[in-house]
Structures are given as C-alpha cells and as structure tokens.
Protein chains: 2
Amino acid sequence: MPNVYRALGDATRRQILSMLKQGCKTQKEIVEAFDISQPGIKKHLNILLEEGIISESLNGKYRIYSINLNILQIASHEMLQYIGELLDDQLVSLKNYVEKGEFRDEEE
Amino acid sequence: MPNVYRALGDATRRQILSMLKQGCKTQKEIVEAFDISQPGIKKHLNILLEEGIISESLNGKYRIYSINLNILQIASHEMLQYIGELLDDQLVSLKNYVEKGEFRDEEE
DNA sequence: ATTTTATATAACCGAACAGTTATGTAAAAA
DNA sequence: TTTTTACATAACTGTTCGGTTATATAAAAT
C-alpha cells in the first residue's frame, strides 16, 4: 500500500504532482520546471512511481507521466482517517463525507 | 512551521500520538508500550517536540508528554489543502468545512 | 551518417533517520 | 546513605534521501 507520507513528504514531489494534475507531462517538461538536474528529477519520479501515485508511458523518445488520482485518493484514505481520529469528530465526519464516495473519478 | 509529513511519517510516532490523544503520558509509559529502547523512543519524542506537535513537562523525575491538538490542526491545514486541491473540489469543500473553524479547541 | 535530444544509470556526497549500546545524572525509595 | 528508577546523552551502525557529475543509449533530426 502506497506510503503517502513518503510520496508527499517532499516539496519538489508535491510540485510535480501539482503539475501533473494540470495534465500529462513529459519528463523534459518536468525537468525544465525545476532547478534540479535530470537525474535528480528522475529520482523523485521514481519514488512517486514506487508509491503508485503516478504512471509512466513511452512515446518515442519521450517518457510521459500522469497522476493516478484514484490511487492517491485510496492512499490518502488511511492518513485522513488517522488525522481525523486525532483531530476529533469534526474531521471524522468530514472524512466520512469523502468516504461516502463523493469523489468523481477523474481518471477513468 | 511544523512539518506534518515529518512528524506523522513514521508509524511509531503515529502510535505515540494516538496514545497521547487518550491523555498525558509519562516517557516510561510510552517506552513500555513499544519494543524500542528508551533512547529510541526519546528520539521520536524529540522529533515530535521539534515539530511542536507535543509538549513536555517535568514532574519530579518524570517527563510528562501531551499532544498539542491545536498545533496539529494548524499544521495539517496546509497538507489537507494541498491534498484537497489534488483530489479536486469535493475534498476542497470538505477542507473548507474544516477551515470554517468547526473544530472545537480541545486543548484550551 | 552524424549530431542532437530525451532519457537511463552508476557512482558519489552529505545529511537525516531509526535503531542500538553504554554511560551519566538526578530524583525517589530503601 | 545506598540503591533504584526515570531519564539524558554520546557514539556508533546501516539505510534512505536529495542532490550532484559523468556517461551510456536510443530515437529523432540534420
């Protein structure tokens, strides 16, 4: 099961995910958006891949990355539940709202 | 500002916080609840202290730890907002619900 | 056919982490 | 006063992480 803390625990990875939320991106595009070397970015992408939060596909010489919102949702479930329990019932009911399936599956 | 990812990113620390949610605990009590050495537990407590998620107080030879729910709430705010933005509007409205101040301040 | 482009991979670095053992210290109990 | 108890601290280990440079490779463009 994906480790959301690991995946989201780094600011660069969060920015990458925000980029991918706007649409699929080439590795090159991602690299150009940061002041980090290509292998450095690739490591972040590998961690997101390991955690299943993003997917990779090939197109000629390009690597295309996309975000897996459904998996991210499932993955954050446990975390939201835990925080909800700590922060008490208000957040829990809030979490229940999420769990009731009110999400639309953007990734289809 | 507290790094929630760091604080909550470890299972032992999450268990410690769950314990403290039930009430203040002595370091001894916490140590006894885990199969980890006393210095090992102390390191986790120090990280939670660094992030401001828990507080420490002295009582004779005892160290008493308590959870700072208010700070945890403020700290998770950003994280919840970010995840909300990724997981789209349903979660955002959910997050707004939290932000509207619907939390009661258990720690007063 | 050669060069450029997009990416992969290896090797390295310093810092942080999770854990340990060993030892010191201060409060409480005997 | 001696011993026990609760905790602090230092030093060490192995692993992961975020970053780098250097180099290889495969596709595309020239």
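Letters A, B, ... mirror the listed sequences (proteins, then strands); counts begin at 1.
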Take atom NZ of Lys28(B) and atom P of dA27(C), then tell me their distance rounded to the nearest Å.
18 Å
Does OP1 or OP2 of dG18(D) have a side-chain N or O of Arg13(A) closer than 4.0 Å?
yes
Which whole-number value in Å describes the distance from Ile41(B) CD1 to dA6(D) C1'?
14 Å
Earlier contact from the 5' end, DNA chain D, for Gly9(A) and Tyr65(B):
Tyr65(B)
Taking only side-chain N and O atoms of Arg6(A), does any of them lie within less than 4.0 angstrom of OP1 or OP2 on dC17(D)?
yes
Value in whole Å for how far the C1' atom of dC17(C) lies from CD of Glu51(B)
13 Å
Distance, rounded to the nearest Å, where Ile47(B) contributes CD1 and dA16(C) contributes P
11 Å
Quick one: side chains of residues 49-58 of chain B, donor-acceptor pairs under 3.5 Å with protein atoms, not counting sequence neighbours, listed by atom name and distance.
residue, atom, partner, partner atom, Å
Glu50(B), OE1, Arg6(B), NH1, 2.9
Glu50(B), OE1, Arg6(B), NH2, 3.1
Glu51(B), OE1, Asn3(B), N, 2.6
Glu51(B), OE2, Arg6(B), NH1, 2.7
Ser55(B), OG, Asn68(B), OD1, 3.1
Ser55(B), OG, Asn68(B), ND2, 3.0
Glu56(B), OE1, Arg63(B), NH1, 3.4
Glu56(B), OE2, Lys42(B), NZ, 3.0
Glu56(B), OE2, Tyr65(B), OH, 3.0

Any link between Leu48(B) and Ile71(B) through a network of hydrophobic side chains (Ile, Leu, Val, Met, Phe, Trp, Tyr) touching at under 4.5 Å?
no
Where the side chain of Thr26(B) is defined as all heavy atoms beyond and including C-beta, which of dA6(D), dT20(D), dT9(C) is the nearest nucleotide?
dA6(D)
Would you give me the side-chain donor-acceptor pairs under 3.5 Å for residues 28-37 of chain A, sequence neighbours excluded?
residue, atom, partner, partner atom, Å
Glu29(A), OE1, Thr26(A), N, 2.8
Ser37(A), OG, Gly40(A), N, 3.3

Under 3.5 Å, N/O pairs linking protein and nucleotides 22-29 of chain D:
none

Please check if the number of heavy atoms outside Glu78(A) that lie under 6.0 Å from its CD is greater than 12.
no
Rounded to the Å, how far apart are Ile64(A) CD1 and dA6(C) C1'?
12 Å
Between Ser18(B) and Tyr82(A), what is the shortest heavy-atom contact and its length?
OG-CE1, 3.3 Å
I need the minimum non-hydrogen distance between Leu87(B) and Ser76(A), along with the two atoms involved.
CD1-OG, 3.8 Å
Could you state the CD-P distance from Glu50(B) to dC17(C), rounded to the nearest angstrom?
8 Å
To the nearest angstrom, the CG-P distance between Leu58(B) and dA26(C) comes to 13 Å
Shortest non-hydrogen pair, Leu45(B) vs Gln27(B), comes out as CD1-CG, 3.9 Å
Check the distance between dA18(C)'s C1' and Arg14(B)'s CZ and give it to me in whole angstrom.
14 Å
